[in-house]
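Just below is one structure, and these are the notes that go with it.
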Amino acid sequence: MNHKELGLTNKKEYLDLFNRINRPLTTYFSKGNASIKYGANGVGYGSRIASFEGFSRLLWGLGPAIGNAEVEDLVHPIIHGISNGTNPNHEEYWGQLHDRDQRMVEMPAVALSLLYNNQLIWKRLTEYEKQNVYNWLFQINEHECADGNWQFFKVIVSLVLRALGYKIPDVCIDVPLTKIDKCYLADGWYQDSTRGRQDYYTPFAFHYYGLIYSTLVPEDWHSDEFRVRAKEFAQQYIHFFAEDGANIAFGRSMIYRYAAASFWSALVYADVQAFPLSALKGIINRHLRWWMEKPIFDDNGILSLGYTYPQLTLTEPYNSSLSPYWSNKVFLLLALPDDHEYWTVEESAYPEVEALKVLNRANMLAVHDNGHAQLLNAGQPGANYQTLTNEKYLKFAYSSYFGFSIPRTNQLKEEHAMDSMLGVQTPDLTILTNRSGETIEETGQFLVRNKITDVKVSKGIVASTWKASQTISVRTWLTSISGWQIRIHKVELKEPAVLYETGFAVENNPDLPGTSTVQDNENYYMGPKGLTGIVDLSWVKKRHAALVNCLPNTNLMTPEMTALPGLEVTLTEGTHWLLTGVYAHPDLQYARGKWEQKPVVRYNEDNLKVILANEELVFSMK
């Protein structure tokens with residue numbers, strides 16, 4: 001898609017974009033229209049439910065669009081699909097639920113589609129069909145679901161059924177609302193269940209549903225609470241976006257892509273004035289344009305599994321071929337009336353934000369540097385049960401431009417692609433590999449940050465401790481000055497260890513090669529896609545350069561090989577301090593100027609001082 005065609009100034013242009021994204025799906029409707037099946041990859045809940053998911057995720061956007069002439073021809077197939085899918089006597093029946101059923105996730109999109117445009121779909125169903133719809137939807141109240149954002153599925157379905165005239169017991173709403181409140185932290189942040197994380201499920205799940213709740217029952221006191229929380233969160237979430245529209249890649253479910261902007265759509269829909277309407281339109285539009293420039297559609301026009309390109313390694317067990325259409329949530333805007341101010345207001349620039357902002361509840365430090373947005377990450381304590389948790393949640397930094405990388409294995413540096421991480425190896429664990437045509441022995445099997453404890457978040461600095469084993473402990477402090485990342489590691493060893501630390505990875509396409517510069521205690525790469533570098537700032541320079549080219553298809557932002565700057569050292573038993581500077585930016589001229597003026601770090605047992613030009617930051621190390 002050519003982003004220059006995406007004016008996105010009025011409702012028709014949004015409808016056109018919705019159609020361009022979603023029309024290819026309709027080719028794959030089943031005979032009874034109750035499912036959409038596509039692709040051949042596996043998924044944890046089986047292909048039958050996955051085909052229902054394809055149908056329902058179309059409705060996240062088509063539901064709000066119902067009533068507009070541009071989608072009128074899809075109304076009959078959708079009614080046909082809902083009628084057959086909820087009919088227990090039909091071969092395409094969506095089935096009986098069980099506890100923690102994936103179909104619970106898909107129910108709200110079906111339910112809400114019945115309400116849009118003055119209940120247009122609902123009014124076209126027969127009484128028999130309506131009863132089937134009620135019976136099928138009400139099942140959700142008879143089964144357990146996960147104690148996180150899933151509780152909202154029960155709430156939304158029950159509220160829709162009430163809006164359609166059914167008597168739903170208060171307990172069906174009150175109990176899940178109590179569980180939702182237990183997930184709330186502060187500053188607008190939710191934790192996705194007691195063992196969950198603070199990630200994109202706060203904006204595109206908790207707040208998205210909470211804001212819809214506030215429109216379904218506007219007089220309810222919970223609605224006021226959800227609106228206040230969303231407004232507070234907006235002041236945090238703005239730091240996940242960059243001026244060019246990109247959002248910072250972080251956490252699970254990266255395949256949902258531009259669902260990241262659905263929170264902003266929900267704010268507009270619920271009329272919550274967190275930012276001026278023109279600013280919200282700018283954030284949403286730039287985000288959509290950014291994504292439409294990427295090769296995220298296959299040859300049939302279907303959204304692929306991946307991030308900026310097809311990348312199956314990134315996926316979760318719950319990602320089916322059509323799961324990416326969760327991103328249709330951004331099209332909630334299509335439910336706005338034709339005369340809503342949003343359709344005529346001119347978009348404005350990215351709001352002015354602090355260059356350095358502590359996000360306390362996420363254990364992060366947001367950094368803005370001339371259009372590049374970063375999150376310095378202390379990590380979140382909790383169980384490791386997501387795919388590639390270490391890479392998705394526990395790197396030192398995440399970027400709107402450089403994204404992050406995921407491993408092919410944990411053997412060679414090139415295969416592991418451990419950007420923005422500290423890898424630990426024991427010297428006695430070695431592997432054989434080939435370097436420049438010769439077989440050599442080198443250390444292998446990396447341990448990377450996983451279980452973290454003692455998280456501390458204060459003004460301008462975040463810290464946590466990671467115990468790699470019974471003999472290896474690392475406490476890390478992270479801060480920033482003038483766009484530079486500053487990392488301080490206190491390494492305590494009861495045995496010798498090899499430590500390998502890295503910066504951001506950037507595309508190093510053999511067709512457009514860049515240049516690598518390696519010096520005693522620093523190294524950087526400069527190419528068409530930007531500069532990335534790392535430098536040892538310790539007063540005793542212990543580490544040597546370890547810049548590598550990582551394998552293709554490991555980085556979220558490019559399928560090409562990537563250059564990854566690094567530092568490596570073998571340390572003896574005892575306590576060691578390592579100080580690291582990391583800098584990266586897509587603007588080469590700007591970045592080169594930054595790289596030539598490096599920060600100086602001084603510390604003692606109590607305080608840390610970072611000095612760069614006329615700037616100085618002082619932090620407590622306690």
Side-chain angles (χ1 to χ4, degrees), residues 355-358 364-369 372 374-379 395-397 399 419-422 449 454-466 473-493 499-504 517-524 531-546 565-569 571 574-585 591-622:
L356 203 64
K357 171 72 173 179
V358 174
M364 290 175 173
L365 185 64
V367 180
H368 296 273
D369 174 30
H372 180 210
Q374 306 171 63
L375 294 172
L376 305 190
N377 175 44
K395 291 180 185 282
F396 294 134
S399 162
D419 58 325
S420 299
M421 301 180 92
L422 180 66
R449 190 162 69 157
D454 302 324
V455 177
K456 181 178 180 181
V457 180
S458 58
K459 184 178 180 181
I461 194 165
V462 295
S464 62
T465 298
W466 164 51
S473 175
V474 183
R475 182 155 184 81
T476 298
W477 292 261
L478 302 171
T479 187
S480 177
I481 186 168
S482 192
W484 275 84
Q485 290 179 44
I486 306 298
R487 307 174 189 166
I488 307 94
H489 308 290
K490 183 180 182 181
V491 182
E492 296 182 280
L493 303 174
L499 274 72
Y500 166 59
E501 185 176 7
T502 59
F504 284 125
T517 302
V518 177
Q519 298 178 6
D520 290 341
N521 51 49
E522 65 180 62
N523 56 105
Y524 67 93
L531 180 149
T532 178
I534 190 168
V535 56
D536 188 353
L537 298 174
S538 309
W539 71 83
V540 177
K541 302 300 187 288
K542 300 178 178 180
R543 293 179 283 179
H544 64 268
L567 298 169
E568 190 170 40
V569 66
L571 298 176
T575 299
H576 306 267
W577 288 86
L578 301 176
L579 284 76
T580 308
V582 170
Y583 191 80
H585 201 281
R592 188 60 185 267
K594 287 277 194 173
W595 183 256
E596 290 175 352
Q597 190 175 31
K598 298 178 179 63
V600 175
V601 180
R602 297 192 176 95
Y603 73 91
N604 54 39
E605 291 295 332
D606 298 320
N607 294 299
L608 164 75
K609 181 182 291 186
V610 184
I611 305 166
L612 179 58
N614 296 323
E615 295 186 65
E616 183 176 293
L617 301 174
V618 179
F619 306 99
S620 171
M621 296 288 287
K622 292 183 178 179

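For reference, positions follow the sequence shown, starting with 1.
Side chains of R449 and L422 form no contact here, defined as non-hydrogen atoms less than 4.5 Å apart. Inter-residue side-chain proximity for N607 and K609 is flagged as unmet; no heavy-atom pair is nearer than 4.5 Å. A 4.5 Å side-chain heavy-atom check between K490 and W477 finds at least one atom pair inside the cut-off. Residues L478 and L365 form no side-chain contact, since every pair of their non-hydrogen atoms from C-beta on lies 4.5 Å or further apart. In this structure the side chain of V462 never reaches within 4.5 angstrom of the side chain of M364, judged on heavy atoms.
Under the salt bridge (Lys or Arg N to Asp or Glu O under 4.0 Å) criterion, K598 pairs with E522, sequence neighbours left out. Partners of S473 according to the side chain to side chain donor-acceptor pair (under 3.5 Å) rule, which considers only residues two or more places apart in sequence or in another chain, do not exist here. Qualifying side chain to side chain contact (heavy atoms under 4.5 Å, CB included) partners for E596, counting only residues two or more places apart in sequence or in other chains: R592. Annotation: side chain to side chain contact (heavy atoms under 4.5 Å, CB included) contacts of V455 (sequence neighbours excluded): N363, A378, P381, I452, V457, S464. Shown here are the side chain to side chain contact (heavy atoms under 4.5 Å, CB included) partners of S458, two or more places apart in sequence or in another chain: I461. H489 meets the ring-ring contact (aromatic ring centres under 6.0 Å, His included) test with F396; sequence neighbours excluded. When the ring-ring contact (aromatic ring centres under 6.0 Å, His included) test is applied to W466, no partner is found at least two apart in sequence or on another chain. The side chain to side chain contact (heavy atoms under 4.5 Å, CB included) search around L617 returns T479, I481, V610, F619, not counting sequence neighbours. Looking at residues two or more places apart in sequence or on another chain, you find a ring-ring contact (aromatic ring centres under 6.0 Å, His included) between H585 and H372, Y590.
Side-chain atoms of T502 never come within 3.5 Å of backbone atoms of G566 as a donor-acceptor pair (strictly under, hydrogens ignored). In this structure, K357 contributes its side chain and H368 its backbone to no donor-acceptor pair below 3.5 Å. With hydrogens and angles disregarded, no donor-acceptor distance shorter than 3.5 Å links the side chain of T517 to the backbone of N523.
Across all their heavy atoms, K395 and D419 have their closest contact at NZ-OD1, 2.7 Å. Shortest non-hydrogen contact noted between S420 and R487 is CA-NH2, 3.8 Å. When every heavy atom of G460 is checked against every heavy atom of L356, the shortest pair comes out as CA-CD2, 4.3 Å. Across every non-hydrogen atom of I486 and P599, the tightest pair is CD1-CG, 3.6 Å.
Note that NE2 of H576 is 10.0 Å distant from CD of E492, once rounded to the nearest 0.5 Å. Between atom NE2 of residue H544 and atom CG of residue D520 there is a gap of 11.5 Å, rounded to the nearest 0.5 Å. Here the CZ-NZ distance, from R475 to K456, works out to 7.5 Å after rounding to the nearest 0.5 Å.
Of the residues listed (Y524, W484, W595), the one engaging Y583 in a ring pair (Phe, Tyr, Trp, His ring centres under 6.0 Å) is W484, and it is the only one.
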Do any side-chain atoms of residues 531-538 form donor-acceptor pairs under 3.5 angstrom with protein atoms, and if so which ones, sequence neighbours left out?
| residue | atom | partner | partner atom | Å |
| --- | --- | --- | --- | --- |
| T532 | OG1 | F504 | O | 2.6 |
| D536 | OD1 | S538 | N | 3.0 |
| D536 | OD1 | S538 | OG | 2.7 |
| D536 | OD1 | R543 | NH2 | 3.3 |
| D536 | OD2 | K542 | N | 3.4 |
| D536 | OD2 | R543 | N | 3.4 |
| S538 | OG | L579 | N | 3.0 |

